[in-house]
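A short worksheet on the structure shown next.
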Amino acid sequence: MPLKMCQLPPSAPNLGSGQLLPGITTFSCNTSTSGQSAFLLTGFPGLEASHHWVSIPINLLCVVSILGNNIILFLICTDPALREPMYIFLSMLAASDLGLCASTFPTMVHLFWLGARELHFDLCTAQMFFIHAFTYVESGVLLAMAFDRFIAIRDSLHYARILTRSATAKVGTAILVRAVLLNLLGPILLQQLLFPKISTLSHCYCLHCDLVGLACSDTQINSLVGLVSIHFSLYLDSFLIMLSYALILRTVRDIASPGEWLKALNTCVSHLCIVLIFYLPKLGLSVLHRVGKHSYPALAVLMANLHFLVPPFMSPIVYCIKSRQIRQSLLKRFQQKRIDAF
């Protein structure tokens, strides 16, 4: 099996030849192991002394995301008026956002506040699995919500008959099973690769492409599995979402009344905002990695963090602002609290 020399990414701190941190020596692929490696998380290059201050807005995003998505889940679970398929899908979206926060937040806290950079191989691959799985779940739920909006506009009379609770549950189960199956091979195949004793990651969490890039052995199968996984999730979902909106626009175009036309499109505004918030940061990060990652390492790390943190943060805000039913349910809860207090 061919071996390759592993080099540190440009974002790694330069602490002298042969060392990453005082007392920690780098290892070449000649001393590589399988499943026993450790990985060093990367914060903001050049701002290590100010990590506490830089991390404050990131931590606030995480806290608000967790609070907002828990509120959305609580409202949908306790309010009978929010038992429609659209809000059931929204609860799935909130649950996946919470899972994504739970997958990324602990290592960020350990890195930025405690200065703990080292992560064992097993913990790293587990985090990688959950980050990708929840990302794919969120993408699948956004696709289901696009289909829901298409049915509601195209065939509103039969909407309740088509999207029953049973059908909604089956769609949710299929989304979850797909996310698990697409990510199941990744950690298993990584166990077969050789890694240096200590490697430096590009971010403050573990991603499949990052780990594969640090391996010392042949990674063709791993790269192929990762490519198939992302094509059958994010790329396929984004294409089908665009197709759904093309069909929605085609349906709305045939509506004669401008008032009905605007009313139909208004039901899609919240979902369209979340779709853009979910996919645009990923597109921007992809462009930055190809154009200026090495020139602006701190910006690349910031965008990599935000593209996981912004969607869970914005989703509850958008739906609380744009959804009249969510606002009414929230106001009803506050009014009930005030009555109970008096």
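All values reported here derive from a predicted model rather than from experimental measurement. The figures that follow rest on heavy atoms only: side chains count, while hydrogens, waters and symmetry mates do not.
Formation of a donor-acceptor pair under 3.5 Å by the Asp237 side chain with backbone atoms of Leu143 is not found in this model. Side-chain atoms of Ser156 do not come within 3.5 Å of backbone N or O of Ile153 as any donor-acceptor pair. Looking at Thr251, its side chain never comes within 3.5 Å of a backbone N or O of Arg154 through a donor-acceptor pair. Side-chain N or O atoms of Ser329 include none that pairs as donor or acceptor with a backbone N or O of Gln325 at under 3.5 Å. Remark: the backbone N or O of Thr104 is paired with a side-chain donor or acceptor of Thr107 at under 3.5 angstrom. For Ser91 (side chain) and Leu73 (main-chain N/O), no donor-acceptor pair under 3.5 Å exists by modelled atom type. Panel note: side chain Ser139, backbone Thr135; no donor-acceptor pair is recorded below 3.5 Å. The main-chain N or O of Val225 is never found under 3.5 Å from a side-chain atom of Ser229 such that the two would form a donor-acceptor pair. Side-chain atoms of Glu138 do not come within 3.5 Å of backbone N or O of Leu93 as any donor-acceptor pair. When atom types are taken as modelled, the side chain of Ser315 and the backbone of Pro312 share no donor-acceptor pair closer than 3.5 angstrom.
Interatomic distance, Thr125 OG1 to Gln191 CD, rounded to the nearest 0.5 Å: 5.5 Å. If you take CZ on Phe89 and CD on Glu84, they are separated by 12.0 Å, rounding to the nearest 0.5 Å. Note that the OG atom of Ser96 and the CG atom of Leu142 stand 7.5 Å from one another [nearest 0.5 Å]. Taken to the nearest 0.5 Å, the CE atom of Met145 stands 9.5 Å off from the OH atom of Tyr87.
Residues Leu211 and Leu201 form a side-chain contact, since some pair of their non-hydrogen atoms from C-beta on lies under 4.5 Å apart. Counting heavy atoms from C-beta on, the side chains of Ser65 and Asp97 never come closer than 4.5 Å. Annotation: side chain of Glu118 is not in contact with side chain of Ile198 (no heavy-atom distance under 4.5 Å). The side-chain heavy atoms of Leu272 and Arg149, taken from C-beta on, include no pair separated by under 4.5 Å. Proximity of Phe39 to Leu41: side-chain heavy atoms (C-beta onward) are nowhere separated by under 4.5 Å. At a threshold of 4.5 Å between non-hydrogen side-chain atoms, the residues Asn222 and Leu185 do not count as touching. Looking at heavy atoms from C-beta onward, Met108 lies in side-chain contact with Leu309 at the 4.5 angstrom threshold.
Among Phe147, Tyr245, Tyr319, the one residue that satisfies the ring-ring contact (aromatic ring centres under 6.0 Å, His included) test with His271 is Tyr245.
The environment of CD1 in Ile221 is sparse: at most 12 heavy-atom neighbours from other residues, nucleotides or ligands sit within 6.0 Å. Applying the 6.0 Å contact sphere to CZ of Phe150 captures more than 12 heavy atoms from other residues, nucleotides or ligands. The number of heavy-atom neighbours closer than 6.0 Å to CZ of Arg83, taken from other residues, nucleotides and ligands shown, is above 12.
When the SG-SG distance for Cys124 and Cys206 is compared with the 2.5 Å cut-off, it comes out below that value.
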* To do: Give the intermediate values and the outcome of side chain to side chain contact (heavy atoms under 4.5 Å, CB included) for residues Arg117 and Thr200.
  => CA-CA 9 Å; Arg117 296 186 61 194; Thr200 300; 3.9 Å; yes
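Under the 30°/60° scheme for interplanar angles, the aromatic rings of His132 and Tyr136 are found to be tilted.
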